[in-house]
*Asks:* 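This is the structure, below, for whatever I ask next.
Letters A, B, ... are given to chains in the order of the sequence lines, protein chains preceding strands, and every chain is numbered from 1. What you are looking at is a predicted structure, and each value in this text was computed from that prediction instead of being measured.
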2 protein chains.
Amino acid sequence: MKHKGKTNPPGRIKIMKSFSLLMAQKDFHSITTAEIAKNAQVTEGLIYKYFKDKKDLLYQVLNKHFVEFQTKIESRIAKENNCIKQLEIIIFSSLESYADNRIFSKILLLEVRNSLDFFDSGAYEMIRKYSRTILEIIKKGLKEGELKSDIDPLILRKVILGAIEHACLGEIIFGRKLDIDKVSTGIANIVFNGAKA
Amino acid sequence: MKHKGKTNPPGRIKIMKSFSLLMAQKDFHSITTAEIAKNAQVTEGLIYKYFKDKKDLLYQVLNKHFVEFQTKIESRIAKENNCIKQLEIIIFSSLESYADNRIFSKILLLEVRNSLDFFDSGAYEMIRKYSRTILEIIKKGLKEGELKSDIDPLILRKVILGAIEHACLGEIIFGRKLDIDKVSTGIANIVFNGAKA
DNA sequence: CCTATTGGTAAGTAACACTTACTTACAAAA
DNA sequence: TTTTGTAAGTAAGTGTTACTTACCAATAGG
């Protein structure tokens, strides 16, 4: 019998909690379904009542975290209407979110990209939305003359997103502590003012 | 009997070739050892004569590609001694290498990061060397006054590497064609001259 | 000519992701 | 009050997979 996805029964919640906990300790591939079930105190079969497969569980956990991330950032952006300030908020808030939500960033930056079916998932849809928001801000910045007219908005977005993601990798992989203030102002300084003397 | 790794027998070469070919078609996890062996026309057991496990095979294939990448870039850099020019060469050459060696970039940007034992591999040692080279150039640029004195070299490196990697993701994942000239000059323009009007 | 080593094979095995067939609980309809 | 439909959960599989073990054949050195 297939589940229709309307309710949110205790078993389902326990499975997601158990999986999140395990993701904090080890990488996706070395987590077994037996382990997930045992820690959740349910049987293995139940996982497949609520999730298509192990990857689907991963995507849904990511999605849950992403919703929080998105709403937090959007409310912060809304308070500003200077575009450069808004982009600075994005840089800072993204770094902050990645830093104090290791599971979220681990999944997003290390675990999901290698499989094509991620890009059909709801979690990926959220990323696109976030990404689109950034592009809108950049375009507005160009129109209002806050940004140089010869800037390609798509490339600027790549630079910003790439810098953010790369900055978090060391922290996620090696557990290095990241100085968010220093790194975010550093990135913003380079991206907006340039590095050339 | 353990292999000492001195010679390079035909079976070993066939396995690596077969695996490379499969990596061009699908992701690491959905490639089976049976498949690798069949396409290489050897038995499955032989894989484990030359490689510790499936991941080790991945790392060694990556390593092979990385050596070519590294030597190519270093010879290009040697021809310049203006630091900004050198960094521009790095941006351009990296994009170019990623673009015309999809397997290499797929492995490097999507497949290896999620497992901790990659960071003990020889392939990761190469990355560190490459990364160190970039840092040296930046430091030289600071000393010789080509770069602004308030720039943090580690952060500038993060921005450059992040931008390069992010720029390639779309191409690798979705097979989108990348305009290397446009993107590399675009990135360099932002990083060196800044985006603010 | 023997023997150690290397290249390679064949036949396993344990563990894993996922399935199937079943039970229980319970709410709404008849 | 009984019936029926369905959601929640279980128990016991199954096929596949990465990896292992034990073996064989060729060959080069002493």
*Asks:* Is E96(A) paired with K72(A) through a side-chain N to carboxylate O contact shorter than 4.0 Å?
*Replies:* yes
*Asks:* Counting just side-chain N and O atoms, does Y50(B) come under 4.0 Å of either OP1 or OP2 of dG8(C)?
*Replies:* yes
*Asks:* Counting side-chain heavy atoms from CB outward, which of dA10(C), dA11(D), dA17(C) is closest to K54(A)?
*Replies:* dA17(C)
*Asks:* Looking only at side-chain atoms of T43(A), point me to the closest of dT9(C), dT10(D), dG7(C).
*Replies:* dT10(D)
*Asks:* What's the closest nucleotide to the D53(B) side chain, out of dC19(D), dT17(D), dC18(C)?
*Replies:* dC19(D)
*Asks:* When all nucleic acid strands are considered with a 4.0 Å heavy-atom cut-off, which category describes G11(A): base, sugar-phosphate, or nothing?
*Replies:* sugar-phosphate
*Asks:* Base, sugar-phosphate or nothing for I31(B)? Non-hydrogen atoms, less than 4.0 Å.
*Replies:* sugar-phosphate
*Asks:* What about K49(B): does its side chain form a donor-acceptor pair under 3.5 Å with the base of dG7(C)?
*Replies:* no
*Asks:* Please identify which of these residues, K106(B), H29(B), E111(B), meets the side-chain contact (heavy atoms from CB on, under 4.5 Å) condition with N114(A).
*Replies:* E111(B)
*Asks:* Can you tell which of dC19(D), dC16(C), dA18(D) lies closest to the side chain of T33(B)?
*Replies:* dA18(D)
*Asks:* For F118(B), is the NZ or CZ atom of K55(B) found under 6.0 angstrom from the centre of its six-membered ring and inside 45 degrees of the ring axis?
*Replies:* no
*Asks:* Strictly by modelled atom types, are N101(B) and H65(B) linked by a side-chain donor-acceptor pair under 3.5 Å?
*Replies:* yes
*Asks:* Can you tell me which nucleotide in dA11(D), dA17(C), dT9(C) comes closest to the side chain of E44(A)?
*Replies:* dA17(C)
*Asks:* Choosing from dA18(D), dA17(C), dG7(C), which nucleotide comes nearest the side chain of Y48(A)?
*Replies:* dA17(C)
